[in-house]
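Below is one structure; the comments refer to it alone.
Predicted model only: the values in this text are computed from it and were never measured. A, B, ... follow the sequence lines: proteins, then strands. Residue 1 opens every chain.
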Number of protein chains: 2
Amino acid sequence: MSLSRESAPVTMEMVAKAAGVSMSTVSRVLTGTVAVSETKRVAIEKAIAELRFVPSPVARSLAKGRSMTIGIVTQAIDSPFYGLAMRGIEDELNPAGYMPLFVSGHWNVKTECQCIDALRARRVDGVIVLTGRLTDQALIECARFLPTVVTGRNLTAPGICAMNFDHFSGGMLATRFLLESGHRRIAFIAGDPDQPNSSERQRGYQAALEAAGIAFDPDLVMPGDFHEASGMLAVDRLVTAHIPFTAIFAANDQMAYGAALGLRRRGLRVPDDVSLVGFDDLPGSQYAAPPLTSVRQPAYELGQVAAVAMLQMLSGTIPTCDLPPLTLTTRESTRRLLG
Amino acid sequence: MSLSRESAPVTMEMVAKAAGVSMSTVSRVLTGTVAVSETKRVAIEKAIAELRFVPSPVARSLAKGRSMTIGIVTQAIDSPFYGLAMRGIEDELNPAGYMPLFVSGHWNVKTECQCIDALRARRVDGVIVLTGRLTDQALIECARFLPTVVTGRNLTAPGICAMNFDHFSGGMLATRFLLESGHRRIAFIAGDPDQPNSSERQRGYQAALEAAGIAFDPDLVMPGDFHEASGMLAVDRLVTAHIPFTAIFAANDQMAYGAALGLRRRGLRVPDDVSLVGFDDLPGSQYAAPPLTSVRQPAYELGQVAAVAMLQMLSGTIPTCDLPPLTLTTRESTRRLLG
DNA sequence: TTGTAGGCGTTATCAT
DNA sequence: ATGATAACGCCTACAA
């Protein structure tokens with residue numbers, strides 16, 4: 001296994017020698033800043049091709065002070081939701097010559113801070129923070145050094161571009177749909193209260209009830225943490241406490257999956273006995289059994305918009321931080337309640 | 001938005017000046033290679049802390065020729081299966097001071113090649129390829145320059161550490177379980193034939209049938225591509241063609257989800273009418289409706305083992321490429337067929 | 001248009 | 001133990 005690998009990479013100096021020119025000239029055709037005589041250019045390009053020379057971004061970074069790398073603080077590299085956003089970022093950044101550097105904050109303020117430090121140490125040219133629990137202050141501090149875009153919160157500060165979906169409206173959307181389907185006893189499974197938009201969704205739920213003239217019943221609100229198990233537990237509690245309900249609105253799809261399983265365990269069918277609505281519209285929701293009605297958060301587009309905004313900041317133009325409105329994807333987990 | 005950001009980062013030179021020593025000495029306490037007098041050490045450490053100095057990995061890379069970065073060629077940054085592996089990699093690499101650099105090959109040979117080129121250009125210290133469609137030759141070529149570990153295939157070559165689960169055994173495991181549960185008409189939904197281990201799983205299926213003395217019926221084998229839709233389509237075809245079956249073994253969980261939906265659409269219940277087994281045991285399978293019986297591939301552990309192997313190669317020791325055997329996780333999607 | 005020289009922020013090799 | 005000094009590979013004035 002102790003293999004002697006290929007020697008040092010081809011350098012610009014070798015190219016210059018092969019083409020019979022100076023390194024500066026090579027550098028010029030590489031960067032394309034200044035005109036170079038046709039004859040030398042072809043000679044250099046030939047040498048580059050023959051030697052299979054690739055300029056070192058490391059050296060380039062050191063010389064220019066830019067790394068062509070954007071740091072992305074995601075919460076978990078295996079998150080189904082942020083995975084899509086990462087993909088959107090990737091798809092926008094790569095064509096622009098930038099490379100995303102993904103690090104995971106794990107919904108932990110301290111870890112997220114370390115992520116940002118690590119990214120700054122790596123000399124990234126900008127930072128995109130996908131939600132997380134960082135304080136606004138920490139982000140403002142980050143923006144003092146680097147162009148910063150953050151999703152999942154509203155924040156106006158110099159050097160920061162924040163973008164957020166309207167989770168309140170999303171909460172209303174789902175609840176209103178259930179109300180219009182004839183449901184009156186709608187349980188709500190809340191998300192992790194420590195996460196930014198969790199309570200917004202609940203506020204939307206309550207607002208929709210109020211608008212429909214339905215009294216808010218706190219017994220119908222179950223705590224949750226955005227994971228499947230908490231959705232299942234919520235159903236258990238509801239049933240055990242003999243609290244009547246004909247529909248459930250879970251603050252995210254994962255909890256809805258858990259709730260579906262909980263209902264199944266109790267012999268309750270979806271949607272025949274209970275209608276179920278989630279939030280996020282994860283890719284898997286399309287193939288859940290039954291396919292889940294959910295408030296769609298276009299995560300891929302979120303990533304794209306975030307990346308474009310970063311590119312704009314980098315090029316000195318004013319970033320556009322506008323996100324599309326949330327929509328409801330109706331599938332088979334909900335049904336009209338016949339009066 | 002045109003904010004004037006903080007000026008250039010603190011350099012070692014500034015630390016040296018502040019501590020009244022030379023840059024070399026600062027470098028020494030940083031790298032900890034050579035002894036430094038106690039008095040100077042504290043002075044330097046004090047200066048580092050006060051100036052909040054962080055050494056530049058970029059400059060360090062240039063000087064040392066190592067970037068402390070490992071390139072990871074994953075197939076999709078949002079893949080549920082490889083997401084777990086990436087997490088395992090991350091969790092092993094970070095404590096060792098290395099940072100993973102994730103790029104996506106999208107199951108496309110050309111893209112994967114570009115990924116490797118991009119990683120080499122970024123001067124990563126090693127490459128981990130998560131499966132993919134690269135030719136063995138391409139990997140051997142890669143290994144000429146960088147320590148390379150690859151998952152999902154068996155390959156013995158200098159400088160390469162390959163690791164793979166025993167998909168044949170996995171296929172047998174699932175099929176044997178169904179056979180032992182009394183099933184005789186077991187349909188198989190195949191995976192993408194272009195992916196390395198796809199046919200291995202099918203071979204295991206056939207071998208198990210043979211071992212049980214059951215004639216292999218090609219009508220029971222449906223083509224698939226590892227995506228949900230193809231699982232659903234397979235069920236459609238099976239039912240439409242009036243091919244009798246009491247169980248389905250899908251070559252991965254995603255197709256099993258699709259199959260479950262297809263069965264549901266046809267009014268067939270799982271597991272009452274049809275038992276269903278998947279392959280991978282994705283996190284979501286635990287909360288599928290019903291929870292899915294599946295051949296468990298410990299993806300997180302795979303990532304860990306791959307990362308450890310890389311670390312071992314980097315440190316010059318012989319890497320261990322052994323993976324745990326595949327196991328079967330039995331859940332509610334399968335039932336004993338009463339004879 | 002082209003080449004020379006200096007700098008980017010570290011580490012490593014020398015002397016001392 | 002410490003301090004100059006030369007790499008590391010590239011970019012960019014500056015000069016020609």
(message) Nearest to the side chain of A:V21, heavy atoms from C-beta on, is which of D:dG3, C:dG3, C:dT1?
(response) C:dG3
(request) Tell me, yes or no, whether the heavy-atom count around B:E13 atom CD, taken from other residues, nucleotides or ligands under 6.0 Å, exceeds 12. (result) no
(request) Using a cut-off of strictly less than 4.0 Å between a heavy atom of the residue and any atom of DNA chain C, enumerate the qualifying residues of residues 54-64 of chain A by number. (result) A:L62, A:A63
(message) Under 4.0 Å between a side-chain nitrogen and a carboxylate oxygen: does that hold for A:E141 and A:R144?
(response) yes
(request) Please list residues of residues 22-35 of chain A whose heavy atoms come under 4.0 Å from any atom in DNA chain D, ordered by number; otherwise none. (result) A:M23, A:S24, A:S27, A:R28, A:T31
(request) Report yes if the side chains of B:L323 and B:E301 come closer than 4.5 Å at any heavy-atom pair, otherwise no. (result) no
(request) Using whole Å, report how far CZ of A:R122 lies from P of C:dT10. (result) 14 Å
(request) Write down the distance between CD1 (A:I44) and P (C:dT2), rounded to a whole number of angstrom. (result) 8 Å
(message) Could you work out how much the helix from C:dT1-D:dA16 to C:dT16-D:dA1 bends, comparing the axis of its first five pairs with that of its last five, to 10°?
(response) 40°
(request) Would you kindly say whether B:Y300 and B:D91 are connected by a side-chain donor-acceptor distance under 3.5 Å? (result) yes
(request) Could you state the atom-to-atom distance from CD of B:E38 to C1' of D:dT2 in whole Å? (result) 16 Å
(message) When you compare the side chains of A:H106 and B:R87, does any donor N or O come within less than 3.5 Å of an acceptor on the partner?
(response) yes
(message) Quick check against the 3.5 Å criterion: does A:S61 have a side-chain atom that pairs as donor or acceptor with the backbone of A:A59?
(response) no
(message) If I take atom CZ in residue B:F53 and atom C1' in nucleotide C:dG9, what distance separates them, rounded to the nearest angstrom?
(response) 8 Å
(message) Is the shortest side-chain heavy-atom distance between A:S67 and A:R122 below 4.5 Å?
(response) no
(request) Give A:M12 one of three labels, base, sugar-phosphate or nothing, depending on what nucleic acid heavy atoms sit under 4.0 Å from its own. (result) sugar-phosphate
(message) Donor-acceptor pair, distance only, cut-off 3.5 Å: does the side chain of B:Q312 make one with the backbone of B:T320?
(response) yes
(message) Under 4.0 Å between a side-chain nitrogen and a carboxylate oxygen: does that hold for B:R133 and B:D192?
(response) yes
(request) Establish, with yes or no, whether the OP1 or OP2 oxygen of D:dG3 is under 4.0 angstrom from a side-chain nitrogen or oxygen of B:K17. (result) no
(message) Nearest whole Å is fine: how far is C:dG9 P from B:R66 CZ?
(response) 22 Å
(message) Side chains of A:S24 and A:S27 only: does a donor on one sit below 3.5 Å from an acceptor on the other?
(response) no
(message) Could you check whether B:Q75 and B:T131, counting side-chain N and O atoms only, form a donor-acceptor pair closer than 3.5 Å?
(response) no
